[in-house]
Amino acid sequence: MANIGFIGLGIMGKPMSKNLLKAGHKLVVFDIVPALADAVVAEGAARGLSCADVASSSEVVITMLPDGPEVEQAILGPGGVLEGIRKGTAVIDMSSISPLVAQKVAAACAARGVEFLDAPVSGGEPKAIDGTLAIMVGGDPEVFQKLAPILRRMGSSVILTGPVGAGNVTKLANQIMVACNIAAMGEALVLAAKAGLDPEVVFNAVKGGLAGSTVLNAKAPMVMSRNFKPGFRIRLHQKDLRNALLAAESMKVALPLTSLVQQMLMALMNEGKGDLDHSAIVTFIEQLAGTEVKSATAAHA
């Protein structure tokens, strides 16, 4: 069992850290919003005073933060992880950030004799809670082999995808597929609703065929019941698509569908919907058609 530091205890970080506690690891935690640490401390974690304080007593430090600037601040900034960490320890950043930022942080860690993996996740809050996240890892194979048992306490799929930065490239590819899938699902169900069909019947008719997907199974019921409680927020998905487009621009790769869905997400954020679940992408298409996707059950509730 390792002494693990965990920084970032939001929707994803809190259940992930709890799973490490359940596995028997000793945990010290920190979040810039102290109240977010309360639930994890109540289950046996120690409370760190800062990122540097967490790092000073940890063999492995895990960060789970919103975006690259927060990761840089937490690891490289004043009072950050590198101020407190010891040579020979490791940092695993599980945030979804730009691959270029991951490589910058890795280089700073290496200069201090600290190992680094970028290991973003997919699966949202439900899979964070039950420990079945898909974890996409970039880094040195030997470091990966050493730290993989810790990652497997949080995910059912833990795959090394290449050197540092590869984990986040893989996550960006994942986010493109998820966003475009939700948008296409929205267009399909809006069309069905406008034609007078019950979207729930259409969903049940197609989910077993080629159009079926994990995204469809998870998000269509949320839309039809009008439940947009965030498992993954629109503003965070917009951030991921922005990072994907910036990475693509640096490699001169055209991503026309990604660009279009990112514009939808920006429009929804401007409507005050940034903290809704990304299934609410569908509401953008509903507005264009003047139709709401609602199951017959929900419609009569």
Side-chain angles (χ1 to χ4, degrees), residues 1-10 12-29 40 43-45 51 54-55 57-65 71 74-75 81-82 85-99 101-110 112-175 214 240:
M1 294 295 104
N3 292 321
I4 298 174
F6 205 107
I7 297 167
L9 302 163
M12 299 293 287
K14 182 169 70 172
M16 290 165 67
S17 61
K18 285 184 176 182
N19 283 332
L20 293 173
L21 275 176
K22 290 174 189 174
H25 292 292
K26 291 183 178 178
L27 213 62
V28 55
V29 299
V40 189
E43 295 199 14
C51 295
V54 166
S57 59
S58 302
E59 300 164 87
V60 178
V61 176
I62 295 172
T63 49
M64 187 61 176
L65 300 164
V71 172
I75 298 177
V81 169
L82 290 187
I85 204 163
R86 301 185 305 277
K87 184 176 181 180
T89 54
V91 172
I92 307 174
D93 177 44
M94 303 189 74
S95 319
S96 295
I97 64 174
S98 163
V101 174
Q103 290 164 351
K104 175 182 176 180
V105 174
C109 287
R112 294 288 301 272
V114 173
E115 297 168 334
F116 181 88
L117 296 176
D118 67 310
V121 307
S122 179
E125 185 183 17
K127 290 185 178 292
I129 290 169
D130 63 23
T132 60
L133 291 164
I135 303 177
M136 301 149 256
V137 189
D140 179 86
E142 289 185 10
V143 177
F144 171 74
Q145 289 299 329
K146 182 170 64 175
L147 298 177
I150 294 173
L151 296 173
R152 291 192 181 104
R153 297 297 186 177
M154 297 176 283
S156 56
S157 170
V158 180
I159 296 176
L160 182 66
T161 61
V164 168
N168 273 291
V169 172
T170 305
K171 175 61 188 288
L172 294 178
N174 178 87
Q175 295 302 80
T214 301
D240 286 342

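A quick note: this is a predicted structure, and the numbers were derived from the prediction, not measured.
- Residues I4 and H25 come closest through the heavy atom pair CD1-CG, 3.6 Å.
- Distance check: T170 OG1 to I159 CD1 gives 9.0 Å after rounding to the nearest 0.5 Å.
- Interatomic distance, CG of D140 versus CG of L147, reported as 10.0 Å (0.5 Å rounding).
- Within the 4.5 Å cutoff, side-chain heavy atoms of L82 are placed close to those of I75.
- Taking CD from E115 and CZ from F144, the interatomic distance works out to 13.5 Å, rounded to the nearest 0.5 Å.
- The heavy-atom pair separating V40 from L21 by the smallest distance is O-CD1, 3.8 Å.
- Between K146 and E142 there is no side-chain heavy-atom pair separated by less than 4.5 Å.
- Side-chain N or O atoms of T161 include one that pairs as donor or acceptor with a backbone N or O of A166 at under 3.5 Å.
- The minimum heavy-atom distance linking C109 with F116 is given by the pair SG-CD1, 4.0 Å.
- Contact annotation: the side chain of V61 never approaches that of T89 to less than 4.5 Å [non-hydrogen atoms, C-beta and beyond].
- With hydrogens and angles disregarded, no donor-acceptor distance shorter than 3.5 Å links the side chain of S157 to the backbone of A134.
- How far CD of Q103 is from CG of D118: 8.0 Å, rounded to the nearest 0.5 Å.
- Nearest heavy atom pair, residue V71 against residue S95, reads CG2-OG, 3.4 Å.
- Taking CE of M136 as the start and NZ of K171 as the end, the distance is 5.5 Å to the nearest 0.5 Å.
- Proximity of P99 to L172: side-chain heavy atoms (C-beta onward) are separated by under 4.5 Å at one or more points.
- Considering NZ of K127 and OG1 of T214, their distance stands at 7.0 Å, rounded to 0.5 Å.
- Crowding of K104 atom NZ: a count of heavy atoms from other residues, nucleotides or ligands under 6.0 Å not exceeding 12.
- Heavy-atom minimum distance, V28 versus S57: CG1-OG, 3.7 Å.
- In terms of heavy atoms, S96 sits closest to D240 at CB-OD1, 3.5 Å.
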> Between I62 and I150, does a side-chain contact (heavy atoms from CB on, under 4.5 Å) hold up when you go through it step by step?
Replying inline: CA-CA 10 Å; I62 295 172; I150 294 173; 4.2 Å; yes

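- In this structure a side-chain-to-backbone donor-acceptor pair under 3.5 Å is missing from N19 to M154.
- Of the listed residues (L117, V91, L20, I92), just one forms a side-chain contact (heavy atoms from CB on, under 4.5 Å) with V60, and that residue is I92.
- Scored by the side-chain hydrogen bond (donor to acceptor under 3.5 Å, both in side chains) test, T63 finds D93 as partners (sequence neighbours excluded).
- Checked against P120 for a side-chain contact (heavy atoms from CB on, under 4.5 Å), the options V137, L133, I135, N168 give a single hit: N168.
- Contact of the S17 side chain with the L9 side chain is registered, since non-hydrogen atoms from C-beta on lie closer than 4.5 Å.
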